Each structure stands twice: as structure tokens, then as C-alpha cells.
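This structure is a prediction, so every number in the text was calculated from the model and none was measured. Note that the numbering runs from 1 along the sequence shown for the chain. As the structure lists them, so they are numbered: ligands from 1, and atoms in each ligand from 1.
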Amino acid sequence: MSADDEKRLAAEAAAELVESGMTVGLGTGSTVAHLLPALARRDLTDLRCVATSPATADQARSLGIPVEDFDSLQRLDITIDGTDQVTPDGWLIKGGGGAHLREKIVAAAADRFVVIADSSKPVEELTWPVPLELFAFGLASTLARLGEDVTLRPGTPPSPDGGLIADYRGPGTGDPAALAARLEADAGVAAQGLFPPALVHDLFVATGSEVAHTSFG
Ligand code: 5RP
């Protein structure tokens, strides 16, 4: 079974958690690309969805899933998103698609944040790169302060919020809480891709045709 099949199976399992009338956060990436048709097939009614990227919004609307701006909803019942890495205790690295700023906001707004993954995503310990979004204002000074461990991601356009996507490749991923605090402490960093376990409620990982479901606190 291919990684893409595993992504589809994990996404289909998570889609079953969504019920009519829910407010739903939609993540970004190739795993979420399988979630959207799985949701559409369920013929749910009265969904109110927010998307973490224009690509997700476009795909959702093309499937008949309603997407609205994230300015009228204060809370979401559920957010479902992929990940680049996940540790046994629930730390994530996200932002391979450069959408981690919006993804973190939409995850934080959800009563239940559900992560979907193929079998390549679980790791014993996180490793770089850690994606960053940097404010455009004062970018040269931010990059000078962050040093040679941070580089702009080549060929990547600014985010919908105007930030520049970069990656951190340096020490500290073995202590993600300390690294997250260090990266967030820089005034030029709009978002960093380490998501703490406190944010994560459920994890669906597909390995072959089996989907394992882990619930966190
Ligand atoms: C995008 C993300 C994605 O969720 C992450 O990169 C996983 O992507 P994929 O589902 O394509 O493997 O964080 O910013």
C-alpha cells in the first residue's frame, strides 16, 4: 500500500468524526486533500468550515463544502489536519506546506484537534527543519538575528498573511518546548512549526491498511 493510500485511509477515518451542524477547521496538504472528498461523500448538512489555505478553500468549495472567512466564528468543534512529524507524546512539526501560521490558529480554536498521518510521519524524536513564518517588515534584520540556522525557503511565495516562509536547521529539536520558546521569542517570527501535545486531541496513523487511533488527554 502506498503512502498516498495510507493518507486516504487516515483521512477517511477522521472524516467519520464530523457531524452535521459542526464548525470545522480544514488543514492543508496532501493528506487533507483526501479528507475533503471523504467529507463531501458523507452528505452532511449545515457544516460551517474555515480553511487554512487558499488551496484547501478552493478544493473544498469545488466539492460543495462551504468555506467561510475566519472572522465570524469564535470556536470550532473540530479541526483536522496533517503533519510532517509526530512523536509518541504528541509533539508535531508542521508547515511543510508553509501554512503553519493559519494551521496553528485554526487548531487552537478547535475543541478537538485531530491529526491524520501516513506511516512515515511518526518519529521517536523530532528533527529539523522546523518551518517558520517571518514578518516581511524588517526581514533582513530578523534573518541576521536568527543567524545561519534559518534560511528562506527557495521559490516559496509569501503566505496569505504576507509572511515569508523559512526553515530552521539547528540544534534543539530534542527539547521542542525550549526550542519553540526560543524561536517564538524573536520579534520577527510570526509563527514556528512546533505544535505542542496540549493542542492535539486525536491522532490517526495509517500503516498499510490498518489505522491506529490514539487519543491524547
Ligand atoms: C502544511 C502542513 C501539512 O499538514 C504537512 O506538511 C503534511 O503534509 P502532507 O499531508 O502533504 O504530508 O503542515 O503546512
Lys/Arg-Asp/Glu bridge criterion (N-O < 4.0 Å) met for Asp84, Lys94:
no
Tell me, please, which residues at least two apart from Arg8 pass side-chain contact (heavy atoms from CB on, under 4.5 Å).
Asp5, Glu12, His34
All pairs passing salt bridge (charged side-chain N to carboxylate O under 4.0 Å, His left out) where residues 48-65 contributes a residue, at least two apart:
Arg48-Glu68
Hey, which residues fall under 4.0 Å of ligand 1 on heavy atoms?
Lys7, Thr28, Gly29, Ser30, Thr31, Asp81, Gly82, Thr83, Asp84, Lys94, Gly95, Gly96, Gly97, Gly98, Ala99, Glu103, Lys121
Taking transitive links into account, so neighbours of neighbours count too, which hydrophobic residues share a cluster with Phe70 at under 4.5 Å side-chain distance?
Val50, Leu73, Leu76, Leu101, Ile105, Val106
Non-hydrogen atoms of Gln192 and Ala180 that approach each other most closely:
NE2-CB, 3.6 Å
For residues Thr28 and Ser53, is any side-chain donor paired with an opposing acceptor at under 3.5 Å?
yes
